[in-house]
Amino acid sequence: MVRVRFAPSPTGFLHVGGARTALFNYLFARHFNGIFVLRIEDTDIARSERIFEKNLMDSLRWLKIQWDEGPDVGGPYGPYRQSERLHIYREYAEKLVRENKAYRVYAYPEEIEQLREELLSKNLPPHYTREMFDRFATKVRIREYEEKGIQPAIYFSMPRKTIVHNDLIKGQVVFTEGSVGDFALLRSNGMPTYNFACVVDDMLMKITHVIRGDDHLPNTVKQLAIYEAFGVEPPQIGHVSMILGPDGKKLSKRHGATSVEEFRARGYLPEAVVNYLALLGWSPPDAQEIMSMEEMIEKFSIERVSKNPAIFDPGKLKWMNGHYIRKSQVKTIVELLIPYVESKGWSYKSKEWLENVFLCVRDRMHTLEEFTDLADFFFVRPEVTLQTDEAIRRGLLECAARLEQAGELTKEGLVNVFREVIKGSKLNAKDFYMSLRRALTGKSEGPELIDVVTLLGRVETAARIRKALGVG
RNA sequence: GCCCCCAUCGUCUAGCGGCCUAGGACACUGGCCUUUCAAGCCAGAAGCAGGGGUUCGAAUCCCCUUGGGGGCGCCA
């Protein structure tokens, strides 16, 4: 049974990088009918917040990445929040201490920081060893800890040997002896560190495959050493390369929208976000780029995940979002559009009318957010004063008059009215239509004019013509 | 300073020794369609970082250089 997990720390919104990692894990699990676990890594008490945890879950749900086990739904290997598993980490850390694979450190964090800087200033790698810590463990210091009720941190004694890792994505990676020093397992506040909690949980939660970001590759050697210390076979581990900003640097806020939350707010569809993210570092065996979640699940394989870092291209996401807006059910999109319309304080005649308005501007939309700019004139009369020659002016006024006098008109009927006026007054059709467009929409480009007139109605059309010409 | 990863059009990628005259997608340019802008369709321009090997044959394998990224925390 394949068991994978996505283990974010609730210290911010779900970033596209995290979303892509979650997606790959999800696709991998579903492809093999396995289990996808959501684990919250909230061991950094200073930065972890419950609202971020909620937001993380909301974002995942929005993307339709569903977990089978997690803090909210539970599961056989819970709890799934690390802050609720502290006794477990303690127990496992003590076990390593008993076996002399880990040891207590009686140095204060500031002292360790000082040690680190000393090493760095001597151009030595900032690696700690047990010997370096020994000088702090004086009888006086130990008593001080006891009196103050401080727990010593527990450090892992890194074995001095070369460790070979066979990465699911990168292939064989060799960590030569001495590339890392001893490191903390448990902090003096009792909280486990990432590398330790991660291994204990993956072990206990029976995780079979780990797919995570490239930035964790250097951690792997530490984690493999911990697995070995416990005498446990590690899961298969694969590292996906990072998502970079357009400048080739790690994607961050200064590159614009980077969180799933922002993309949702800006009118992106989850189908587009997920589809785009899947293509960032993975490609299906056929060349098909537009895929549903089901298709991605079917086609996904870790072998086809690329090794190179990918630059996030907002342009392609936008294109893909436009594509999904056009391919989705009209009713579905209109429902999503209503909040945008209401936030502008606009009212609409009926949903059917709104659907038709949407259909008018659909081909120009890339995001839902763009709807209000594209379709504003359907809701509000534009402020325009038309500067036009006398012939066109007269033609437009004639149109207005004829529209008002006419009964209900079909599309063909409307077209005929315009054609007759153009013909009768020998107007330049292009100039006439452009003036009409300006009068009705206030813009020089936009939807098919007949559709605009149809949706506006005869009366409103006539009124806008007169208003633009400063008549009546 | 040390360790690790990566390297095909501007961008995402296909390619896993001969099917490559390097394929697709976004973006770009031109055309068609069209009263406008789009959408759609068609066409085009654009790339194997550089240098050494291995081989009958290299984008594909090896080495070096260069470039980019990540890490070396009582952060994750």
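This is a predicted model, so every value here is computed, not measured. Note on naming: letters A, B, ... go to the chains in the order of the sequence lines (proteins, then strands), and numbering restarts at 1 for each one.
- Projected onto RNA chain B by closest heavy-atom contact, A:Phe183 and A:Ile450 fall at different nucleotides, the more 5' of which corresponds to A:Ile450.
- For the pair A:Phe432 CZ and B:U35 P, the computed distance is 14 Å after rounding to whole Å.
- Counting any heavy atom pair closer than 4.0 Å across all strands shown, A:Glu41 reaches sugar-phosphate atoms only and no base atom.
- Among the protein residues, A:Pro309 comes within range of the sugar-phosphate backbone only, with heavy atoms under 4.0 Å from sugar or phosphate atoms but none that close to a base.
- Across all strands shown, A:Ala107 has heavy atoms under 4.0 Å from base atoms, whether or not it also approaches the sugar-phosphate.
- Looking at the side chain of A:Glu289, the nearest of the listed nucleotides B:C12, B:C4, B:U36 is B:C12.
- Comparing the same atom, C1', in B:U13 and in B:C48 gives a spacing of 13 Å after rounding to whole Å.
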Applying salt bridge (charged side-chain N to carboxylate O under 4.0 Å, His left out), run through A:Arg402 and A:Glu420 and close with a yes or a no. CA-CA 11 Å; A:Arg402 289 175 71 156; A:Glu420 279 164 31; 2.3 Å; yes
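- Side-chain contact check for A:Tyr80 versus A:Asp201: every heavy-atom pair is 4.5 Å or farther apart.
- Nucleotide B:C2 has B:G71 as its partner under the Watson-Crick or G-U criteria, with both atom distances under 3.5 Å.
- If you check every strand for non-hydrogen atoms under 4.0 Å, A:Thr220 touches nothing.
- Across all strands shown, B:C26 forms a Watson-Crick or G-U wobble pair, both distances under 3.5 Å, with B:G10.
- Across all strands, A:Val174 comes closer than 4.0 Å only to sugar-phosphate atoms, never to a base (heavy-atom distances).
- Looking only at side-chain heavy atoms (C-beta outward), A:Leu119 and A:Pro125 stay at 4.5 Å or farther from each other.
- Residue contacts shown for A:Arg304 are limited to sugar-phosphate atoms, with no base heavy atom under 4.0 Å away.
- Looking at heavy-atom distances under 4.0 Å, A:Lys250 makes contact with sugar-phosphate atoms alone, never a base.
- If you check every strand for non-hydrogen atoms under 4.0 Å, A:Lys122 touches nothing.
- Taking the P atoms as reference points, B:U54 lies 49 Å from B:G30, given to the whole Å.
- Scanning all heavy atoms of the two residues, the minimum distance from A:Met365 to A:Ile325 falls at CE-CD1, 4.2 Å.
- Here the shortest heavy-atom pairing between A:Pro246 and A:Ile311 reads CA-CG2, 3.7 Å.
- One C1' atom belongs to B:U66, the other to B:G50, and the distance between them is 7 Å to the nearest Å.
- Using a 4.0 Å heavy-atom criterion, one finds that A:Ala184 contacts the sugar-phosphate atoms exclusively.
- Comparing B:A39 with B:A76, their P atoms are spaced 47 Å from each other, to the whole Å.
- Using a 4.0 Å heavy-atom criterion, one finds that A:His216 contacts the bases of the nucleic acid, with or without backbone contacts as well.
- B:C62 and B:C5 have their P atoms separated by 13 Å, given to the nearest Å.
- For B:A45, there is no paired base (Watson-Crick or G-U wobble, both distances below 3.5 Å).
- Rounded to the nearest 0.5 angstrom, A:Arg50 CZ and A:Arg81 CZ are separated by 3.5 Å.
- Picking from B:U35, B:C4, B:U8 the nucleotide with the shortest atom distance to the side chain of A:Val173 gives B:C4.
- Between the side chain of A:Glu113 and the base of B:G73 there is no donor-acceptor pair of N/O atoms closer than 3.5 Å.
- Separation of the P atoms belonging to B:G15 and B:G24 is 15 Å when rounded to the nearest angstrom.
- As the counterpart of B:C20, no nucleotide is assigned, since no Watson-Crick or G-U wobble pattern has both distances under 3.5 Å.
- For A:Ser188, taking side-chain heavy atoms from C-beta onward, the closest of the listed nucleotides B:G73, B:C74, B:G71 is B:C74.
- Note on A:Tyr128: only backbone sugar-phosphate atoms sit closer than 4.0 angstrom, heavy atoms only; bases stay farther off.
- For A:Ile112, taking side-chain heavy atoms from C-beta onward, the closest of the listed nucleotides B:G1, B:C12, B:C74 is B:C74.
- The line from NZ of A:Lys222 to CG of A:Leu224 is 12.5 Å long, rounded to the nearest 0.5 Å.
- Look at CE on A:Met242: it is 15 Å from P on B:C12, rounded to the nearest Å.
- The gap from the P atom of B:C4 to that of B:G47 amounts to 35 Å, rounded to the nearest Å.
- For B:G57, there is no paired base (Watson-Crick or G-U wobble, both distances below 3.5 Å).
- Ion pair A:Lys54/A:Glu49 not flagged as a salt bridge, since none of the NZ, NE, NH1 or NH2 atoms sits closer than 4.0 Å to an Asp/Glu carboxylate oxygen.
- Counting distance only, with no hydrogens placed and no angle test, the side-chain atoms of A:Asn219 and the base atoms of B:A76 include a donor-acceptor pair under 3.5 Å.
- With both ends at atom C1', the span from B:A49 to B:A59 equals 12 Å, rounded to whole Å.
- No engagement by A:Pro246 is indicated, since no non-hydrogen atom pair under 4.0 Å with the nucleic acid exists.
- For A:His127, whose side chain is taken as the heavy atoms from C-beta onward, the closest listed nucleotide among B:A76, B:C72, B:U13 is B:C72.
- Heavy-atom nearest nucleotides on RNA chain B were determined for A:Ile311 and for A:Tyr433, and the one closer to the 5' end corresponds to A:Ile311.
- A:Arg47 comes within 4.0 angstrom of a nucleotide base, judged by non-hydrogen atoms across all strands.
- Counting atom types as modelled, A:Ser241 pairs no side-chain N or O with a base atom of B:C6 as donor and acceptor under 3.5 Å.
- Among the protein residues, A:Gly248 comes within range of the sugar-phosphate backbone only, with heavy atoms under 4.0 Å from sugar or phosphate atoms but none that close to a base.
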